[in-house]
Enquirer: 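First, the structure itself, so that you have it in front of you.
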Amino acid sequence: MSRIRREGKVEYRFDHPDAFRAHVRDKKSRKPVDKLVDAKEAVSRFVNDGDYIVYDFSSLTRGPQALIREVIRQKKKELWIGAEFTLHESALLVGAGCASRIDVGFLGYGNYIGQAVCDGRVQVYEWTNGGLALRILAGARGVPFLPTRDLLGTDNLDVSAARVIQDPYTGMPVCLVPALNPDVAFLHVHQADVSGDARIFGTNLFALEAALASRRVIVSAEEIVEADEFRKDPMRTTIPYFLVDAVVHAPFGAYPGSMPARYEIDLEHVDRLNAIRNDEQMQRYLDENIYSVSGHEEFLDKRVGAARMKELRRRATIIEGYR
Amino acid sequence: MSRIRREGKVEYRFDHPDAFRAHVRDKKSRKPVDKLVDAKEAVSRFVNDGDYIVYDFSSLTRGPQALIREVIRQKKKELWIGAEFTLHESALLVGAGCASRIDVGFLGYGNYIGQAVCDGRVQVYEWTNGGLALRILAGARGVPFLPTRDLLGTDNLDVSAARVIQDPYTGMPVCLVPALNPDVAFLHVHQADVSGDARIFGTNLFALEAALASRRVIVSAEEIVEADEFRKDPMRTTIPYFLVDAVVHAPFGAYPGSMPARYEIDLEHVDRLNAIRNDEQMQRYLDENIYSVSGHEEFLDKRVGAARMKELRRRATIIEGYR
Amino acid sequence: MARTVEFTDTEFMIAQGARLLEDGKTFFVGWGIPQVVAILAQKLYVPDVVQLFEFGAIGPQSILPFVRGTMGGPQNTYRSLQWLNMNWAFSYSAAGYMDYGMLGALQVDPYGNINSTFLGGTFEKPGRRFAGSGGGNQVASHCWRTIIIIKHEGRRFVPKLDFVTSPGYLSGPGARERAGLPKDTGPYRVVTSKALFGFDERTKEMTLLSVLRGASPDDVIREMAFRPRIAKEISEIAPPTEDELRLLREEIDPSRIIIRGERMTAPA
Amino acid sequence: MARTVEFTDTEFMIAQGARLLEDGKTFFVGWGIPQVVAILAQKLYVPDVVQLFEFGAIGPQSILPFVRGTMGGPQNTYRSLQWLNMNWAFSYSAAGYMDYGMLGALQVDPYGNINSTFLGGTFEKPGRRFAGSGGGNQVASHCWRTIIIIKHEGRRFVPKLDFVTSPGYLSGPGARERAGLPKDTGPYRVVTSKALFGFDERTKEMTLLSVLRGASPDDVIREMAFRPRIAKEISEIAPPTEDELRLLREEIDPSRIIIRGERMTAPA
């Protein structure tokens with residue numbers, strides 16, 4: 001079954017659950033092997049042109065920003081992004097020519113991405129946050145759809161592939177959204193071990209759903225810890241290793257966003273992103289922060305600096321509940 | 001819409017999602033008031049004859065046994081039980097004349113309950129563990145059904161109200177199970193505060209689903225703790241207070257089953273339950289352990305004893321992960 | 001001469017919103033201004049309100065000052081009752097546990113339908129594109145009472161939306177139920193920078209209830225592209241109080257990121 | 001005279017089951033005997049097997065000895081990778097992450113369909129009622145390869161079940177897919193107290209593969225109410241090894257609650 005469908009004017013990604021299951025059976029190892037690689041290798045091995053990518057949270061909070069910058073550095077093409085909150089990421093991915101389609105969610109920030117949509121440089125599909133979260137849950141549960149009592153009565157229904165059926169139990173109209181099984185999930189976490197067991201502290205959008213539903217999962221982690229840590233406190237495990245394909249050690253991997261209880265958002269840098277209004281400004285930002293550095297560590301050394309990182313760490317004083 | 005439906009030979013409990021929502025709006029307080037009552041009051045105020053009751057886990061592990069004994073002591077009638085694992089509970093509830101219908105799950109233990117089914121003294125409906133868990137999730141999500149790729153092709157389909165539809169996305173047959181919104185959920189937890197915030201340590205079957213999906217929720221807890229404990233570690237909260245109607249302080253409330261990391265199962269007492277084969281033996285057990293004591297505390301004092309409880313606590317040496 | 005109060009249009013909307021909430025009720029908080037409304041309300045009026053955010057924070061008590069750019073971070077998930085994820089957050093609302101929801105809007109129509117997606121052109125080729133629904137569609141679909149918070153400008157109050165992002169009463173009485181939305185839900189109030197609207201029980205049309213002290217119903221209606229219904233008695237809305245302004249300016253948003261806006265005055 | 005080994009039928013089934021598992025694969029563990037199979041296999045043969053229990057334990061490494069009556073307690077959730085709940089556990093299997101599943105059965109038919117609900121009479125008025133599916137239906141529906149473990153008695157191997165609790169190949173080739181079950185799944189092996197069966201790739205019928213050392217195919221077939229297919233070459237199954245028996249009797253189940261059963265012997 002084709003993985004991109006078009007019905008009427010609406011294109012959507014859809015895998016037959018059996019096709020996804022076969023991928024899980026054949027391509028996902030259950031062996032607890034060392035999957036630690038650098039961001040460059042993770043992205044070059046596990047992200048292909050044309051891939052559908054989801055990620056958890058945003059450029060403001062615990063987003064996988066180091067991985068996204070690496071995608072841009074490697075000039076991936078024709079990506080389709082699915083995100084509940086896609087903020088500066090989508091602007092950068094579109095500005096760099098990497099992404100051509102976005103399923104949202106909440107599409108912000110700044111004028112660059114809004115203008116790109118109006119110019120037809122990127123196609124946006126509107127699923128709403130709840131609709132996307134449910135699509136990924138359907139993908140994680142191995143069912144072709146899940147039902148919901150929203151989207152109904154609105155124009156979102158017409159610009160998505162959601163469908164209304166008559167509920168056999170009550171007779172009322174119920175909305176169905178199709179399962180989403182992305183090619184790749186990016187998840188930035190507080191702690192991981194080398195085989196991929198991972199912990200997020202605090203809330204998440206759909207981390208476990210995305211890990212179960214995605215063909216390939218790249219975890220980037222602030223800290224690499226002993227595997228035994230997970231077995232000592234299984235209630236804290238967000239994702240077990242056998243869902244994960246690659247582990248990247250990426251301290252400050254959510255920069256310029258915040259990592260709860262680790263470092264605060266760099267609002268100055270975020271304002272530079274907010275200020276991007278045209279392609280020239282976009283190109284300048286990309287050159288300076290992405291193309292001109294070899295990777296995440298050089299970016300941190302030359303574009304952020306230890307003093308700034310220290311200050312951002314200092315500001316993250318709320319640790320209650322995050323441990 | 002009627003809350004008990006019969007189609008063909010299958011009776012099932014079903015609330016229109018709007019009827020359940022109206023109950024939640026009108027009857028569930030969002031105020032953090034003191035809901036601490038004893039088991040007697042909780043059961044007499046919140047359990048009615050004819051109610052549909054669910055509970056989390058079983059007579060072996062973290063089951064709400066003190067509450068179930070209180071239901072028997074109060075001689076509730078015509079109850080309908082929904083449980084994934086219903087072990088000695090169902091035997092006692094049927095033996096005491098309290099329960100007339102059971103949705104399972106896994107129906108054990110011992111010969112008493114099996115014979116009661118054969119004698120037609122209790123009607124059992126077979127939904128499977130996965131089907132029941134999904135029905136309660138549907139109830140918690142406010143949707144009339146959820147889809148699944150099991151039950152299909154088997155006789156369970158004919159003896160349940162599950163239905164097969166053609167999936168609009170793939171064309172394949174998909175099974176739907178109807179939402180379940182019980183009248184009452186019993187949840188035995190490690191810690192609760194007086195307004196109902198509750199923590200279970202370890203795995204659970206469907207604790208949060210049941211709390212969201214049920215009209216009335218009775219939490220019984222090994223320990224009553226300060227409300228502030230929950231706000232200090234929100235990842236550990238299983239159920240927030242505004243889902244809960246009553247809190248019962250019930251140390252050893254899972255006895256004779258185990259409470260993970262608190263006390264072990266009392267296999268001698270369990271063997272007495274397993275040995276019940278006829279009504280005379282059942283009546284003797286009920287008299288001795290339930291009818292002849294005024295409540296849970298007298299049961300613990302006179303039928304279990306401090307020495308036995310100390311020994312069961314001593315055996316619970318595995319605490320890793322439970323905190 | 002009577003003393004006057006000076007404030008911004010945003011401050012006025014926030015203060016109005018905060019006064020609408022009920023204590024001991026649940027409140028599904030949209031992003032941006034509704035966050036500040038929730039903080040102000042909880043500090044001043046409704047200490048036991050249970051806030052809920054779509055990113056999985058159940059019952060947080062946000063820390064002050066409000067930090068711009070935080071979403072799901074320690075500041076606005078602080079001291080939550082429970083941390084979950086988005087699918088669980090929307091279970092709380094879908095199952096009927098959310099009493100109030102509050103949303104911003106680009107455009108609103110006489111039935112309280114909301115556009116937050118685009119203005120002009122078509123969905124595929126919009127004139128101007130905005131953030132879209134986020135979780136707004138779910139909030140407006142599930143919550144018992146949805147409060148819309150919107151700057152009072154004529155181009156925002158239109159007879160027909162460019163796009164229906166989140167449902168109000170759709171085409172009128174009974175339309176939500178016919179579409180399959182949960183019964184007895186829908187828009188409850190529209191808070192603007194000049195007035196407060198409700199919805200007529202019978203016709204479900206937006207109805208002017210109150211205007212800012214010193215303004216007249218005509219001042220309000222003049223700046224709308226449709227004519228709302230008018231309540232029999234129009235009450236007066238007090239401008240932001242000293243307490244409200246002090247808390248907003250000194251404790252909640254000292255850098256004036258959210259509360260800035262057009263300057264307004266009203267009799268104290 | 002050749003040395004003989006003494007063991008119980010249960011010990012033999014457990015040892016056979018343990019030898020079937022693959023290392024570095026996932027294993028959905030049913031309650032009872034499959035739990036002991038998992039423990040034995042992980043200790044002796046497949047250290048990196050990932051066990052999963054329907055009550056939400058992902059990747060536990062059960063503590064010894066096996067404690068009767070534990071289900072979801074500290075012993076069989078010990079040192080898990082992750083603790084969740086039942087709906088999540090079945091997501092792992094439904095999305096294709098579970099390689100093997102193992103289930104007991106009351107009755108099995110030539111297509112590997114399982115009855116674990118009742119014997120005789122009707123569903124409403126059964127002759128004898130048993131525990132029913134539990135999560136068995138989900139395991140048999142979702143796992144890539146389901147292993148059935150059943151005592152070898154004629155009344156258990158029947159042409160037609162009293163009730164189909166969990167799906168085998170239903171009515172034959174293609175029937176699972178036509179019913180909507182996940183593609184390429186189904187029963188893989190039937191472990192009995194005398195023999196091991198597979199399923200014919202083309203016809204999906206139960207096929208005798210191996211018999212206990214010292215027994216003949218006829219001994220096996222004689223005690224079945226249908227005639228299975230017979231593989232071209234029938235191999236021999238070694239009786240429980242010294243290591244298997246020592247571990248079972250001394251470390252896993254010293255109180256002999258699970259491993260007790262009918263006494264058997266076979267050439268060592």
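Keep in mind that the numbers below use all heavy atoms, side chains included, and drop hydrogens, waters and symmetry copies.
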Enquirer: How long is the span from the CZ atom in D:F163 to the CG atom in B:D158, to the nearest 0.5 Å?
Expert: 8.0 Å

Enquirer: Heavy-atom count check: over 12 atoms from other residues, nucleotides or ligands less than 6.0 Å from D:K43 NZ?
Expert: no

Enquirer: Counting only heavy atoms not in B:I319, do more than 12 fall under 6.0 Å of its CD1?
Expert: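 Counting other residues, nucleotides and ligands, CD1 of B:I319 stays at 12 neighbours or fewer.
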
Enquirer: Grab the two heavy atoms, one from D:K183 and one from B:R149, that are nearest each other, plus how far apart they are.
Expert: N-NH2, 4.4 Å

Enquirer: Does CZ belonging to D:R156 count more than 12 external heavy atoms closer than 6.0 Å?
Expert: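 Enclosed: over 12 neighbouring heavy atoms sit under 6.0 Å from CZ of D:R156.
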
Enquirer: Do any N or O atoms from the side chain of B:T203 and from the backbone of D:A57 form a donor-acceptor pair under 3.5 angstrom?
Expert: no

Enquirer: Parallel under 30°, tilted from 30 to 60°, perpendicular over 60°: which one fits the rings of B:Y322 and D:W83?
Expert: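 Rings of B:Y322 and D:W83: tilted, as their planes differ by 30° to 60°.
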
Enquirer: Taking the side chain as C-beta and beyond, is there a heavy-atom pair between B:T154 and D:T165 under 4.5 Å?
Expert: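 They are not in side-chain contact.
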
Enquirer: Assess whether side-chain contact (heavy atoms from CB on, under 4.5 Å) is satisfied between D:E177 and B:M172, documenting all intermediate values.
Expert: CA-CA 9 Å; D:E177 289 76 5; B:M172 70 181 175; over 6 Å; no

Enquirer: Under 3.5 Å, side chain of D:N85 to main-chain N/O of B:F206, donor-acceptor pair present?
Expert: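 Checking the backbone N and O of B:F206 against the side chain of D:N85, no donor-acceptor pair under 3.5 Å is found.
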
Enquirer: Checking side-chain polar atoms at under 3.5 Å, does B:T128 have a donor or acceptor matched by the opposite partner on D:Q138?
Expert: yes

Enquirer: Using non-hydrogen atoms only, which part of B:D167 is less than 4.5 Å away from chain D: side chain, backbone, both, or neither?
Expert: neither

Enquirer: Report yes if the side chains of D:Y78 and B:I318 come closer than 4.5 Å at any heavy-atom pair, otherwise no.
Expert: yes

Enquirer: Flag the one option from B:V174, B:T317, B:L132, B:T61 with the top tally of heavy-atom pairs under 4.5 Å to chain D.
Expert: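 Ranked by heavy-atom pairs under 4.5 Å with chain D, first place is B:T61.
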
